[in-house]
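Below you'll find the structure, written out as structure tokens, and then a few comments.
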There are 2 protein chains.
Amino acid sequence: MSRVSSRITLQDVAREAGVSLATADRVLNGRAGVRGATAERVRDVVARLGYRPNAAAARLARGETYRFCFVLPSGPNVFMRQLAEQVTNTAEWLSTHNAFIDLLRVDVFAPEALASTLEALIGRYDGVAVVALDHPRVRSAIDDLTAAGMVVVTLVSDVPSSHRRHYVGVDNIAAGRTAGTLIGRFAGGRQGSVGLIVGTPALRDHAERQFGFTQVLSGEYPGLKLLAAQESLDEDVRTQAIVEQMLRDVPDLVAIYNVGAGNSGIAAALAAAGQAGERIFIGHDLTDDTRRFLLRGVMDAVINQDAGHQSRSAARVLLAHCSGEPLFDEQERIRIDIFVRDNLP
Amino acid sequence: MSRVSSRITLQDVAREAGVSLATADRVLNGRAGVRGATAERVRDVVARLGYRPNAAAARLARGETYRFCFVLPSGPNVFMRQLAEQVTNTAEWLSTHNAFIDLLRVDVFAPEALASTLEALIGRYDGVAVVALDHPRVRSAIDDLTAAGMVVVTLVSDVPSSHRRHYVGVDNIAAGRTAGTLIGRFAGGRQGSVGLIVGTPALRDHAERQFGFTQVLSGEYPGLKLLAAQESLDEDVRTQAIVEQMLRDVPDLVAIYNVGAGNSGIAAALAAAGQAGERIFIGHDLTDDTRRFLLRGVMDAVINQDAGHQSRSAARVLLAHCSGEPLFDEQERIRIDIFVRDNLP
DNA sequence: TCCAATTTGAGGTTCGAACATCAAGAGAAA
DNA sequence: TTTCTCTTGATGTTCGAACCTCAAATTGGA
């Protein structure tokens, strides 16, 4: 029953408030030269009539174009490839809204390179979305961009102490905790060891997931013994070797949690040992591979953060901050998705 | 590296193709009176330059306003209240895009009433989003609306055999299967009975969830015995009574799956029996209550379909279909969310 | 009361596409 | 060649807000 009749324009507001279009315009756009009482009257009418500026007309009149730069890690990481692809889709959408995206890829393990890449962006863009590295050099580069009047958004991996305007991504501690709870529950009282594989603890998101996971497992599932974390550098061959070793050395292995990439390696090792489906196996990022592993019962759950959502969200946030349009917080919250075999999209 | 330089307008396309603005316009808007070869040339240039119409300008020029009607069930159902609230939010957003929403609430258990409500909408709206009931009268009402040139979208609950243009909602069979898998896995080999509570099997979504759940449980977890489904009519007092009885009569009760509303009643019954946290308890719809139950360990998982997402998605779909703008399928897919204690938003 | 500063009004231009109208040009059929 | 139809160009108007300028009205202070 929330009815709004046809369309209220600034004209209507001005007429109703007994002022000219120019004055109404001055009030709404915060331009100087309007007496307080008059401004108040206009604002009252705006509220009373429920006036909302026509988004299309406003955009058209403003006529600005925005340039954004997305900085993603290079390398073969599947999730980052998905993200890059989604950024390309987003770029297409943005291009109909007078905003343009350049996509840059830099070595994720080189904070210096990332920092100098960022610094080179100063003045060339209106906004930057960056998969950041929590490192003093990077932080100061982000602050420099912000100081230069650019809007900076961190993507996937945050730098909380920087002056970035917004973080688009999930709480990775919570993601790790989620994995912990799922493994704990799936184990259902069984006793034994749990293997933990991380890409590299140098990545903030990996470290955070590991932290959350450890917290839950050691705090709430005393029957499960957490093995020392092994580093895979996100490579299939290394995860495979790690798991093969584990299957040999740890007879009471109940579950494996893979914090980073390389799930195919784990699946291969399990299959080779004839153990696929015997051990609980939880990992991150829904890909063609992990989807197949779920369907075949090799993996038990996949924790995911939607690349498309993150890319679009970053774009919307940048656009909103640059153009001063409102933002719906709720829509920009990235969820920690849990996928099992039955709720695959 | 996907760079698009400033902005290509229809002017640029026309110049590049060596035709007039008028002709370029005729080609792009499919107006008659252009020779095939000429049209081809224009389309080539469009592709080559990557021309995309300015969304704001197009909207403004079209200058149409759209009227949509959202038809939701009346009654105290929490999810439907959330949905109604989100529709109100969506209405606010839409109002800046020249589209307006009326919200109607009708008795969900009365197909005749729903059907006649729908029929009364003919000609008064450009689009309708309806939480439908799968009933011949309702189906034919939807078909009548469609025949009258209106865009009809089913929301939350589908009528697949109707001519609705789109279904915004989840696959409820998959949702039920997901619950089944979670309970099966959480039980972790324990033997015993599983209680099943539905609001009413007359609701398609409830029936589908029950179907999916039963499928998984009886097919894959032979150690778990599924008790006969009990009807709660989505009422707390009734679910409470049902569970109290269950706790008395079924000593080996392992888990409870509540297909509909009324989770508070279940929590109360469990608490009264001192059994909160002892039985696996999975239900639907994330609310203040269920969130609290998750945090306290009373519930083990909540399966959710995001009301805000569904409301916005329905609006976007209606808008896109009415105005002929493109739609990003991937963005409009509603996910089956699994929430445990650790990944609450 | 008068001057100066501040407020307000009136009007115009711009953005890019959609859509309309009319005349000029091309081509085909008679 | 003439006539008629089919294409094309030229040109305008519209949408609603943003932003600009200049003149008129109002206000406040001296």
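Residue numbers start from 1 in every chain, and the chains themselves are labelled A, B, ... in the order their sequence lines are given, proteins ahead of strands. Predicted model, so just to flag it, every value in this text is computed and none were measured.
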Query raised in the report: How is B:Gly30 classified with respect to the nucleic acid when contacts are heavy atoms under 4.0 Å: base, sugar-phosphate, or nothing?
Result: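 Nothing, no heavy atom under 4.0 Å.
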Specify the separation, in whole Å, of atom [atom1] of [X] and atom [atom2] of [N].
{"X": "B:Leu28", "N": "C:dC19", "atom1": "CG", "atom2": "P", "result": "12 Å"}
{"X": "B:Arg15", "N": "C:dG16", "atom1": "CZ", "atom2": "C1'", "result": "14 Å"}
{"X": "A:Leu60", "N": "D:dG16", "atom1": "CG", "atom2": "P", "result": "12 Å"}
{"X": "A:Arg52", "N": "D:dA17", "atom1": "CZ", "atom2": "P", "result": "13 Å"}
{"X": "B:Leu21", "N": "C:dG16", "atom1": "CG", "atom2": "P", "result": "12 Å"}
{"X": "B:Arg62", "N": "C:dA20", "atom1": "CZ", "atom2": "P", "result": "13 Å"}
{"X": "A:Asp25", "N": "C:dG9", "atom1": "CG", "atom2": "C1'", "result": "13 Å"}
{"X": "B:Ile8", "N": "C:dC15", "atom1": "CD1", "atom2": "P", "result": "17 Å"}

Gap separating the [atom1] atom of [X] from the [atom2] atom of [Y], nearest 0.5 angstrom:
{"X": "B:Ser313", "Y": "B:Tyr167", "atom1": "OG", "atom2": "OH", "answer": "11.0 Å"}
{"X": "A:Glu325", "Y": "A:Arg316", "atom1": "CD", "atom2": "CZ", "answer": "12.5 Å"}
{"X": "A:Asn98", "Y": "A:Tyr66", "atom1": "CG", "atom2": "OH", "answer": "8.5 Å"}

Taking only side-chain N and O atoms of [X], does any of them lie within less than 4.0 angstrom of OP1 or OP2 on [N]?
{"X": "A:Asn54", "N": "D:dA17", "answer": "no"}
{"X": "A:Tyr51", "N": "D:dG16", "answer": "no"}
{"X": "A:Thr9", "N": "D:dG16", "answer": "no"}
{"X": "B:Thr38", "N": "D:dT7", "answer": "no"}
{"X": "A:Asn29", "N": "D:dC19", "answer": "yes"}

Requested in this report: Let me know, please, whether A:Leu10 or B:Gly36 comes out on the 5' side of the other along DNA chain D by nearest nucleotide.
Outcome: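 By nearest-heavy-atom nucleotide position, the 5'-most residue is B:Gly36.
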Given [options], identify the nucleotide with an atom nearest to the side chain of [X].
{"X": "A:Ser20", "options": "D:dC19, C:dG9, D:dA10", "result": "C:dG9"}
{"X": "A:Thr23", "options": "D:dA18, D:dC15, C:dG9", "result": "C:dG9"}
{"X": "B:Val34", "options": "C:dA17, D:dA17, D:dT8", "result": "D:dT8"}
{"X": "B:Ala57", "options": "C:dA17, C:dT8, D:dT8", "result": "C:dA17"}

Query raised in the report: Is there a donor on the side chain of B:Arg35 or the base of C:dG27 sitting less than 3.5 Å from an acceptor on the other?
Result: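 Counting by modelled atom types and ignoring angles, no donor-acceptor contact under 3.5 Å is found here.
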Query raised in the report: Is any N or O donor-acceptor pair between the side chain of B:Arg59 and the base of D:dG16 shorter than 3.5 Å?
Result: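 Answer no: no donor N or O sits under 3.5 Å from an acceptor.
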Query - Shortest non-hydrogen contact from B:Leu72 toward B:Met80 - result: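 Heavy-atom minimum between the residues: CD1-O, 4.2 Å.
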**Report entry** Check ion pair A:Asp306-B:Arg335 (N to O, under 4.0 angstrom)
**Finding:**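 A salt bridge is present here (some side-chain N lies under 4.0 Å from a carboxylate O).
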Query - Under 3.5 Å donor-acceptor, A:Ser311 side chain and A:Gln86 backbone - result: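 At least one qualifying donor-acceptor pair exists.
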Requested in this report: Return the 5'-most residue of the pair B:Ala22, B:Pro53 with respect to DNA chain C, ranking by each residue's nearest nucleotide.
Outcome: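 Closer to the 5' end of DNA chain C: B:Pro53.
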